[in-house]
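See below for the structure under consideration.
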Protein chains: 2
Amino acid sequence: MTAYPHAMPAVPARPDDLTAKARIRNAALALFAGGGYDGTTMRAVATAAGVTVGLVVHHYGTKERLRDAVEDLIVAAFTEATASVKIVGSGRDIGAARDRNVAQMLASNTAMVDYLRRTILDPNDRGVLLNRLADLAAANLQELRAAGLTASRRSTAEQVAAVLTAQIGQLFLQPMVDRTVTHFGESDPPRIVVRLER
Amino acid sequence: MTAYPHAMPAVPARPDDLTAKARIRNAALALFAGGGYDGTTMRAVATAAGVTVGLVVHHYGTKERLRDAVEDLIVAAFTEATASVKIVGSGRDIGAARDRNVAQMLASNTAMVDYLRRTILDPNDRGVLLNRLADLAAANLQELRAAGLTASRRSTAEQVAAVLTAQIGQLFLQPMVDRTVTHFGESDPPRIVVRLER
DNA sequence: CAGTTCGCTGTATGTTCGTACAGTCCTTCG
DNA sequence: CGAAGGACTGTACGAACATACAGCGAACTG
């Protein structure tokens, strides 16, 4: 499942357990998510990780390569969330289980959601991360198809888009609804539902 | 309708017709939309507007006040789009006509859409612009209510959230779908539909 | 136990930023 | 004509930035 022959045990890591390199990457994710890539300085990352700027440069070379590491982490999280679903039952059930795992993973990773929202919705972005997630979704789809578990008449592109919007579309718009409702002094905001129509 | 006693004629303005102050504001909108507020320099705004940095400062004082002017322009566009609908017919029809006008206004204003997406979805944003648009929608709703044209059992907050998501929610997510579909070499992407559920 | 690697620090450098400001041109008005 | 005000330019400056780099100490390795 993971790339490691000796997989890490599923023990929640204490901050002290992490290497400085991992702490830097995690701090970068949190800060990029909160203040954006441009709005985050290498010094801020270093401070948040409890190290000096020099060490950040030492480990990642440039700010851009630090961002690459952050995006690798996100893609890995999606990969693990979907790969842990066994290929048994109907294609529909497997897809639903994958969606559930991704939703659960994102629910406990606010920073990832915020980072994704910033990056994917950015019209200026090169779209690398979105494409990587799309490729992952397509590969998952292909796996079902190879097992003869899907008989959708929709194209791959359309199915992938449907999966992605289902997995993350709602997360992107929900804050807007929440803030609007809160602005009028109400709580218990309604849920956003995103669908694809042809 | 407009604040001007002698309203401007509905003639599309040529760039040369605009004052430098307006050109600066328009350039700022386009650049903020494309590269974000932080990612846009005063020098870039000046160059895009065909003036010097000094003049930008002369007219707007600070970068933040330049952003205020940009947001004023957006709120004015929403105001005019909704105010031009006469209060005749059913409340539902009036609401639909307003939505149509806003959609049309946004369709011809890519920069505004991009700016709104950036600003409203930014979790770090103070939410001023979203609140102004929410207040505008609420005022429009109140207008219908005062005329006895609406009998919704939904709260104001919920109705406003519904209006805003209908007006701009789809515009925010559509680029993601478009890019995903394009990534797989297809054209004719499906449409996003956003709904509120309780 | 010497040698080498590696995590890590502190400082320096060149660039780019927002903003300040002195001054020039041009229009308006008495 | 001459003063005043506003649009506009060009330069300057301090702060903050990403990055480079020399050096230090502890931990491995043979």
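Here the structure is a predicted model, which is why all the values come from computation and not from measurement.
Within the 4.5 Å cutoff, no side-chain heavy atoms of B:Leu116 are placed close to those of B:Leu171.
Within the 4.0 Å cut-off from OP1 or OP2 of C:dG7, at least one side-chain nitrogen or oxygen of A:His58 is found.
The side chain to side chain donor-acceptor pair (under 3.5 Å) search around A:Asp99 returns A:Gln167, not counting sequence neighbours. Residues passing the side chain to side chain donor-acceptor pair (under 3.5 Å) test with A:Ser90 are A:Asp93, sequence neighbours excluded. Residues passing the salt bridge (charged side-chain N to carboxylate O under 4.0 Å, His left out) test with A:Arg100, sequence neighbours excluded: none. In terms of the salt bridge (charged side-chain N to carboxylate O under 4.0 Å, His left out) criterion, residue partners of A:Glu158 (sequence neighbours excluded) are, by chain and number, A:Arg198.
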Please list, pair by pair, any protein nitrogen or oxygen found under 3.5 Å from a nitrogen or oxygen in nucleotides 19-26 of chain C.
{"residue": "C:dT19", "atom": "OP2", "partner": "B:Lys63", "partner atom": "N", "Å": "2.8"}

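Atoms CG (A:Leu18) and C1' (C:dG7) sit 16 Å apart, rounded to a whole Å. Rounded to an integer number of Å, the gap from A:Asp38 CG to D:dA16 P is 18 Å. Protein atom CG of B:Leu31 is 16 Å distant from nucleotide atom C1' of C:dG18, rounded to whole Å. Protein atom OH of A:Tyr37 is 14 Å distant from nucleotide atom P of D:dC17, rounded to whole Å. Atom CZ in A:Arg67 sits about 11 Å away from atom P in D:dT19, given to the nearest Å. Following rounding to the nearest Å, B:Leu66 (CG) and C:dC17 (P) show an atom-to-atom distance of 15 Å.
Residue A:Thr52 has its side chain nearest to C:dT9 when only C:dT9, D:dT9, C:dG7 are considered. Checking D:dA7, C:dT9, C:dC8 against the side-chain heavy atoms of B:His59 singles out D:dA7 as nearest. Across C:dC17, D:dC17, C:dC8, the shortest atom-to-atom separation from the side chain of A:Thr41 is found for D:dC17.
Sorted pairs that involve residues 55-70 of chain A and meet side-chain hydrogen bond (donor to acceptor under 3.5 Å, both in side chains), not counting sequence neighbours, are lacking altogether.
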